[in-house]
Colleague: 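Okay, here's the structure, questions in a sec.
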Amino acid sequence: MELYIVRHGNTPLQGDVQYPIDPRLTDLGVSQAESLAHRLQNVQFDRIFASPLQRCVQTIAPLCAKTENDVQLMYALLEKGTRANY
């Protein structure tokens, strides 16, 4: 079994804290997501899981499109501070 763990793409920062709690990707983050999809497009995935945060879903969407997979949202993957918001 092979497991790929991917961190979400770049998001806006305000100081040392991300703002808002569930930001969308920046243009750089979108580019990173597309690069990830290009690099992994020939990998056969049985399943793709992601946190329901929009930055995570937005990061994995290009890979799902290239590999014709659906993302399975997992609330257990939410960061501690964001679980109360979902």
Side-chain angles (χ1 to χ4, degrees):
M1 173 173 63
E2 290 186 48
L3 177 67
Y4 292 77
I5 299 175
V6 176
R7 187 177 190 281
H8 62 77
N10 185 267
T11 57
L13 294 177
Q14 182 174 1
D16 291 334
V17 180
Q18 289 184 341
Y19 183 83
I21 289 174
D22 191 10
R24 296 188 55 78
L25 298 179
T26 62
D27 290 342
L28 173 60
V30 170
S31 177
Q32 292 168 334
E34 291 169 356
S35 177
L36 172 75
H38 178 73
R39 289 176 57 198
L40 298 179
Q41 67 184 350
N42 294 319
V43 175
Q44 177 65 40
F45 292 99
D46 292 326
R47 294 184 183 180
I48 296 178
F49 299 99
S51 161
L53 294 174
Q54 66 180 344
R55 63 183 175 255
C56 300
V57 174
Q58 195 179 3
T59 297
I60 207 66
L63 179 62
C64 288
K66 282 191 180 285
T67 61
E68 298 181 357
N69 279 286
D70 293 325
V71 64
Q72 296 180 14
L73 300 182
M74 289 190 62
Y75 289 84
L77 295 175
L78 283 169
E79 300 166 7
K80 278 186 179 180
T82 58
R83 287 186 185 166
N85 299 321
Y86 284 86

Colleague: Under the side chain to side chain donor-acceptor pair (under 3.5 Å) rule, collect the residues that match up with T67, sequence neighbours excluded.
Modeller: N69

Colleague: List the residues meeting side-chain contact (heavy atoms from CB on, under 4.5 Å) with T26, not counting sequence neighbours, and say none if there are none.
Modeller: N10, P12, L28

Colleague: Please write out which residues are connected to M1 in a hydrophobic cluster, directly or through intermediates, given that two of Ile, Leu, Val, Met, Phe, Trp, Tyr count as joined at side-chain heavy-atom separations below 4.5 angstrom.
Modeller: none

Colleague: Assigning hydrophobic clusters by single linkage (Ile, Leu, Val, Met, Phe, Trp, Tyr; side-chain heavy-atom cutoff under 4.5 Å), is L40 placed with I48?
Modeller: yes

Colleague: Check for a donor-acceptor pair, side chain of D22 on one end and backbone N or O of Q54 on the other, with a separation under 3.5 Å.
Modeller: yes

Colleague: For L3, which fellow cluster members are found when Ile, Leu, Val, Met, Phe, Trp and Tyr are connected by side-chain heavy-atom distances below 4.5 angstrom, either directly or through intermediates?
Modeller: I5

Colleague: May I ask whether L77 and V6 are part of the same hydrophobic cluster, defined by side-chain heavy atoms of I, L, V, M, F, W, Y residues being less than 4.5 angstrom apart, directly or through others?
Modeller: no

Colleague: Would you compute the distance between atom CG of L36 and atom CD of Q41 and round it to the nearest 0.5 angstrom?
Modeller: 10.5 Å

Colleague: Who pairs with A33 by side-chain contact (heavy atoms from CB on, under 4.5 Å), at least two apart in sequence or on another chain?
Modeller: L25, T59, P62

Colleague: Please identify each residue that fulfils side chain to side chain donor-acceptor pair (under 3.5 Å) with E2, with sequence neighbours left out.
Modeller: Y4

Colleague: Taking all non-hydrogen atoms of both residues, which atom of T11 and which atom of R24 are closest, and how far apart?
Modeller: CG2-O, 3.9 Å

Colleague: Is the number of heavy atoms from other residues, nucleotides or ligands within 6.0 Å of CD (Q72) greater than 12?
Modeller: yes

Colleague: In Å and rounded to the nearest 0.5 Å, what is the NZ to NE2 distance from K66 to H38?
Modeller: 7.0 Å

Colleague: Applying a strict under-4.5 Å side-chain criterion to I, L, V, M, F, W and Y, I'd like to know whether V43 and I60 cluster together.
Modeller: yes

Colleague: Could you pull out all residues at least two apart from V57 that satisfy side-chain contact (heavy atoms from CB on, under 4.5 Å)?
Modeller: L73

Colleague: Under the rule for side-chain contact (heavy atoms from CB on, under 4.5 Å), what residues qualify as partners of R39, not counting sequence neighbours?
Modeller: S35

